[in-house]
Structure formats: structure tokens, C-alpha cells
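Each chain gets a letter, A, B and so on, in the order its sequence line appears, and its residues count up from 1.
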Amino acid sequence: MLQIQSLRDETDRIIKGLEKKNVANAAEQVQNAIRIDSERREIQQSLNRIQEELNRLSGNIGGLMKEGKKEEAEALRQKVAGMKVEMKELEEKSSASEEALYQAMVVLPNVAHDSVPKGKTPEENEVVESWGEAKDMADWALPHWDLITKYDIIDFENGNKVTGAGFPFYKGKGAKLQRALINFFLDEADKAGYFEMQPPILINKDSGYGTGQLPDKDGQMYHAQDDGLFLIPTAEVPITNYFRDTIIKESELPKMCVGYTPCFRREAGSWGAHVRGLNRLHQFDKVEIVQIAHPDQSYAILETMRKYVQGLLEKLELPYRVLRLCGGDMSVTSALTYDMEVYSAAQKRWLEVSSVSNFETYQANRLKLRAKSEETKKTYLLHTLNGSALALPRIVAALLENNQTETGIKIPAVLQKYTGFDTIG
RNA sequence: AGAGAGAUGGCAGAGUGGUCGAUUGCGGCGGUCUUGAAAACCGUUGACUGUUAAAGGUCCGGGGGUUCGAAUCCCUCUCUCUCUGCCA
């Protein structure tokens with residue numbers, strides 16, 4: 001959630017940033033929130049004055065009682081009881097205006113960073129970098145959904161039977177490849193200074209709210225209703241929420257964490273021909289990096305995070321490009337997002353394998369994730385960032401497709417010590 | 001899952017209706033002393049809101065209630081601990 005303070009202080013910048021996110025009537029919405037807020041503060045102030053008076057008189061009653069002046073105390077008590085009606089009214093007004101402000105604020109997405117290109121569709125994303133050769137493949141080259149059947153390493157049929165669509169079994173060398181990738185990603189993150197965590201994969205409502213999945217995107221998460229818990233869509237949720245309601249020492253910044261988890265997404269209404277095979281699943285594995293940063297450092301850190309992810313793709317020898325997402329393709333909570341896409345020659349398309357974002361204070365505001373300044377002793381909101389490093393299924397798809405020969409699939413050199421084999425076939 | 005106890009500031013731990021936002025200890029920070037450090041002593045040390053700054057207001061697990069007044073009484077939810085049961 002945005003901070004009302006920044007709507008007041010930087011109205012124009014906020015409106016511009018929201019317009020880039022294609023918010024309809026951004027100026028009106030912002031002005032409306034500011035208006036509600038100033039009404040809210042007025043009500044708050046009258047309420048505070050009444051409370052002050054009431055506190056004072058109540059104290060007086062106590063004093064009179066002690067001195068044994070019963071009649072005076074009784075008279076005062078009746079006067080105060082009358083004031084409570086007025087206070088009750090103000091309290092109701094106050095909470096109504098708080099609710100109105102919340103409603104006005106919660107619908108606003110994060111403000112796009114200056115560098116975010118305008119645009120509505122993925123076609124308007126900006127390619128900022130690319131690496132490797134996106135070459136064509138021979139006629140005999142197969143898409144991964146045929147390769148996994150040919151080598152019997154991933155089994156959708158039995159996943160269908162046991163659970164349902166989008167819940168495959170990984171088998172034999174397919175399972176080993178998954179395990180190898182997870183370990184490779186975790187080891188690399190460790191070397192880069194990330195602190196490894198194994199978070200819970202069920203989260204409560206407060207956590208879903210903290211990182212922005214709730215209140216409105218609960219349809220994307222699996223819900224364990226009896227217990228009020230949700231299966232995580234990404235490790236971002238538990239790891240970022242680990243820092244919820246905390247005040248971090250400036251000397252401990254930035255916090256760098258990495259975690260491997262399965263991820264669960266209902267993906268309601270997003271199925272079609274282009275999501276065959278591993279391109280979209282209900283359950284998949286991902287290694288996620290999260291950083292908590294000082295506001296002055298977050299954009300430099302965002303760059304190091306994306307370079308880190310690019311390094312992983314290079315070690316895996318996968319040709320990729322980096323996109324700076326346009327306002328219309330970014331998530332609600334993000335201020336700037338880079339997507340990493342790997343080229344799949346056999347599918348002749350780019351596959352998104354990682355998304356690295358800076359959320360600035362949008363999540364931190366809900367999380368109450370703050371630091372305390374050494375100098376001014378004041379608390380301030382931190383910036384949260386995260387990125388996939390990396391999501392497994394599309395990496396597997398790209399590895400299978402790009403490294404296939406007529407007789408088998410070659411395992412990239414860096415992975416061989418993890419898999420224990422150099423070919424699937 | 002059953003029975004009981006409990007939830008207070010970074011931590012420990014007082015406080016059962018009236019200057020309690022909260023005694024005290026530890027820790028942290030500043031200072032005195034010291035060549036330096038330790039010890040000792042003195043001071044300081046929660047968050048949110050509000051204001052130019054103040055004043056003021058809110059917060060003692062969450063929510064609701066009683067009362068002129070609640071950390072303190074009542075209801076409810078959540079969580080923790082101990083014992084019993086069960087079990088990777």
C-alpha cells in the first residue's frame with residue numbers, strides 16, 4: 001500500500017507513476033484519497049480533544065473520591081457520562097473515515113519507477129540486454145512435452161490421476177535433474193552471500209496481506225479453509241513476512257535471504273494451448289532470493305540481483321534476454337520489474353524464467369518493516385526486493401529442448417557434479 | 001486430542017479498577033573516572049499519530065463489553081507453556 005504521506009507530499013509524481021501503471025482517473029483517485037485523509041485528520045483531532053477532556057475529568061473524579069468529596073464526584077460523573085455520547089459519535093465517524101481512506105488507498109497499485117516504459121501489453125516491454133545465440137534447431141528437434149515422454153522423465157498422466165492437471169511426477173533422471181538444479185541454485189546463492197532459509201509453505205492471512213496477495217488476489221492461492229491458511233504461491237511470501245513487524249538495525253542492512261520451496265498456483269482461467277507441458281503448472285519448484293534494503297540502496301541492489309540471475313543463466317548456457325516491463329505488464333505491487341526470458345528453440349518462443357522486482361515501500365508499509373536511523377533515531381520504511389533464482393519448470397523445458405541431440409539430452413557442465421550423469425537418453 | 005497455567009517495553013520480570021505508557025534488573029546509548037579497557041557511579045533508552053515545534057491522542061497477544069476511569073473485571077478468538085494421550 002502506498003503511504004498517504006507521499007500522496008500529500010509528492011502528489012504529481014504519484015499521479016504520473018500511477019498513470020504509467022494505467023490506473024484510470026489517477027489524478028481523481030489521488031485527490032480523493034487526500035481529501036478523505038484531511039477529513040479524517042479533522043475528525044481525529046476533535047476526537048482527541050474530547051478524549052483529552054475526558055481523561056482530565058476522569059482523573060478529577062478519582063481525586064475527589066480520594067478526598068471523600070462524594071457529591072462533587074457524583075456531579076462530575078454525570079457530566080462526563082453525557083460527554084460520552086458525543087465521543088461515541090466521533091469514534092464512529094473516525095473509524096468510518098479510516099475505513100474510507102483504506103478503501104481509497106488499497107485499490108492504488110504501486111507507483112512505477114521513472115525508468116519504466118509506458119505501455120499496456122507485453123509487446124511494449126523494453127529489451128534491455130540479451131546474451132547468447134537464439135538459434136534455430138534441426139527439423140527433428142522436439143518440444144519438451146515430447147522429450148519428457150520419449151525419455152520417460154516427467155509423467156503428467158499419473159499426476160492427473162493422483163491429483164489433477166498441472167501436478168506432474170518427476171521420475172528417474174527427471175527427478176534427479178530437479179534435485180540437481182535446486183542444489184545448484186542454492187549453492188550459487190550461498191556463494192553470493194544469501195542466507196539460506198527453509199520457510200513454511202502454508203501462510204496465514206496476515207502474511208498474504210503483507211506481501212500483497214490479499215485482499216484481492218486470493219483466487220490465485222490454494223486455501224486450506226478449515227485452518228485459515230494458504231499454500232504459498234512463492235517463497236517471497238513467507239520469507240518477506242519473516243521480517244513483518246520488525247525494526248531492523250541499519251548496520252544489518254541489506255538482509256539477503258534465499259529459500260527453496262514448492263510453489264502453488266491455482267492459475268484460474270489462464271489455461272490454453274500455449275501453456276502445454278511445463279510452461280504452466282499448479283505446483284512447481286523455485287529458488288527465490290529476497291532482499292530488504294535501505295531506500296537509498298534498493299535500485300543498486302536490484303541491478304545486482306538481476307546480474308546475479310543472469311549469471312545463473314549463463315552458467316547453464318541458456319540464451320536469454322532481459323526485459324524491463326512496461327507499466328501495463330507489471331504486478332500491482334512492483335515499482336520496477338525485470339523479466340528474464342530464455343529462448344526455447346523447439347517452441348520458437350521466449351519463456352519467462354525469472355522476475356526480479358523492487359517493491360520500494362509498497363510491501364513494507366503493510367508489513368510494518370522498518371529501520372531506525374542512527375542519526376535521527378526515527379524509524380522509516382525499508383524497501384523490499386525479490387527475484388526468482390530460478391523457477392525450475394521452464395529452465396528444465398529450455399534445457400531439454402536446447403540441449404537435445406537425436407540420441408539424448410546433454411546436461412550442462414556445471415550441473416554434472418550435481419546430477420551424477422552427463423546425458424539423459 | 002484432554003486437563004491446567006499463561007500472553008506486559010530488545011530480553012527478564014513487577015503490577016488485580018484512579019497521574020501506569022507502566023516499578024525493577026539486564027542489555028543498548030551518552031557521560032564521569034582511566035594511558036586504554038574493565039569495574040563503579042550519573043544520565044538516557046518503546047511504537048504509532050499529531051504539530052513549524054509543542055501540546056494532545058492511541059497502543060500492556062487480537063477483537064468486543066462493563067465503568068466517569070481498565071494492563072487490572074467480563075466475553076470471545078489466537079498463540080505459548082506444563083502434564084496426559086498420539087505420532088513422523
Side-chain angles (χ1 to χ4, degrees), chain A residues 1-9 33-102 104-105 198 200-210 214-215 223-230 238 241-253 255 262 292 361 364-382:
Chain A
M1 192 142 71
L2 295 173
Q3 299 167 83
I4 184 66
Q5 185 73 40
S6 63
L7 301 215
R8 281 195 254 156
D9 296 346
I34 292 174
R35 187 181 50 74
I36 292 170
D37 179 54
S38 78
E39 284 169 12
R40 195 204 100 240
R41 281 149 71 214
E42 239 170 76
I43 293 166
Q44 189 65 47
Q45 279 174 23
S46 350
L47 179 60
N48 285 353
R49 275 194 295 274
I50 276 210
Q51 284 171 327
E52 182 188 0
E53 180 77 357
L54 222 70
N55 287 342
R56 219 191 65 231
L57 295 178
S58 293
N60 290 352
I61 292 174
L64 292 170
M65 299 285 268
K66 261 186 194 160
E67 293 167 29
K69 298 178 180 170
K70 277 215 160 173
E71 295 90 53
E72 284 179 56
E74 184 55 35
L76 200 50
R77 180 184 297 186
Q78 289 190 1
K79 183 187 170 194
V80 172
M83 287 172 62
K84 287 200 76 184
V85 180
E86 193 184 346
M87 187 167 90
K88 188 99 183 164
E89 267 174 39
L90 273 169
E91 269 171 359
E92 275 162 23
K93 265 185 162 176
S94 169
S95 56
S97 69
E98 267 167 33
E99 176 62 18
L101 180 62
Y102 172 77
M105 293 299 287
Q198 265 192 35
I201 58 175
L202 283 157
I203 50 115
N204 60 27
K205 244 175 138 176
D206 286 344
S207 295
Y209 178 76
L214 298 175
H223 190 187
Q225 298 200 339
D226 285 350
D227 300 288
L229 300 174
F230 298 87
N241 272 282
Y242 176 90
F243 298 99
R244 173 152 51 85
D245 280 317
T246 57
I247 298 179
I248 296 176
K249 286 201 184 110
E250 280 183 321
S251 59
E252 288 174 17
L253 295 173
K255 291 279 185 188
I292 314 293
T361 60
N365 191 25
R366 292 194 190 180
L367 292 161
K368 298 201 186 358
L369 167 48
R370 294 156 295 168
K372 190 170 199 165
S373 164
E374 303 277 350
E375 296 162 30
T376 66
K377 306 290 177 203
K378 293 209 168 179
T379 58
Y380 57 89
L381 293 174
L382 290 167

Quick one: which protein N/O atoms are closer than 3.5 Å to N/O atoms of nucleotides 15-17 of chain B? Pair and distance per line, please.
none

> Given the C1' atoms of B:G69 and B:G18, what is the spacing between them in whole Å?
Replying inline: 6 Å
> What does nucleotides 46-67 of chain B look like as a protein-contact string, B for base, S for sugar-phosphate only, - for none, at under 4.0 angstrom between heavy atoms?
Replying inline: SSS-SS----BSS---------
>> Restricting to non-hydrogen atoms, name the atom on A:Arg366 and the atom on A:Pro215 that form the minimum distance, rounded to 0.1 Å.
In response: NH1-CD, 4.0 Å
>> Looking at A:Glu74 and A:Arg77, is any side-chain nitrogen of the basic one under 4.0 Å from a carboxylate oxygen of the acidic one?
In response: yes
> For atom P, what is the distance between B:C42 and B:C26, given to the nearest Å?
Replying inline: 11 Å
>> Which nucleotide, if any, forms a Watson-Crick or G-U wobble pair with B:C33, using both distances under 3.5 Å?
In response: none
> In Å, rounded to the nearest 0.5 Å, how long is the span from CG of A:Asn48 to CD1 of A:Ile43?
Replying inline: 12.0 Å
> Rounding to the closest angstrom, what is the interatomic distance between B:U66 and B:C75 at atom P?
Replying inline: 15 Å
>> Counting the atoms with a prime plus P, OP1 and OP2 as sugar-phosphate, which does A:Met65 contact under 4.0 Å by heavy atoms, base, sugar-phosphate, or nothing?
In response: base
>> I need the NZ-P distance between A:Lys249 and B:G28, as an integer number of Å.
In response: 10 Å
> Between A:Glu89 and A:Lys93, is a side chain to side chain contact (heavy atoms under 4.5 Å, CB included) present by the stated rule, with each step listed?
Replying inline: CA-CA 6 Å; A:Glu89 267 174 39; A:Lys93 265 185 162 176; over 6 Å; no
> What is the pairing partner of B:C73, taking Watson-Crick or G-U wobble pairs with both distances under 3.5 Å in any strand?
Replying inline: B:G65
>> Tell me the closest heavy-atom pair linking A:Leu57 and A:Leu76, and the distance in Å.
In response: O-CD2, 4.0 Å
> Taking the same atom, C1', in B:G15 and in B:G21, what whole-Å distance lies between them?
Replying inline: 13 Å
> Minimum heavy-atom separation for A:Leu7 to A:Ala33, with atom names?
Replying inline: CD1-CB, 3.9 Å
> Using a cut-off of 4.0 Å on non-hydrogen atoms, how would the nucleic acid contact of A:Leu57 be classed: base, sugar-phosphate, or nothing?
Replying inline: nothing
>> I'd like the P distance from B:U45 over to B:G61, given in whole Å.
In response: 23 Å
>> Please find the pair of heavy atoms, one from A:Ile247 and one from A:Ala371, that lie closest to each other, and give the distance.
In response: CG2-C, 4.0 Å
> Across all strands shown, which nucleotide pairs with B:A5 by Watson-Crick or G-U wobble geometry, both distances under 3.5 Å?
Replying inline: B:U80
> Taking CG from A:Asp227 and P from B:U78, how many angstroms apart are they, rounded to a whole number?
Replying inline: 11 Å
> Does A:Arg56 pair with A:Glu53 as a salt bridge, N-O distance under 4.0 Å?
Replying inline: yes
>> So, using side chain to side chain contact (heavy atoms under 4.5 Å, CB included) as the criterion, who are the partners of A:Ser58 when residues are at least two apart?
In response: none
> Paired with B:U16: which nucleotide, if any, by Watson-Crick or G-U wobble criteria at under 3.5 Å for both distances?
Replying inline: none
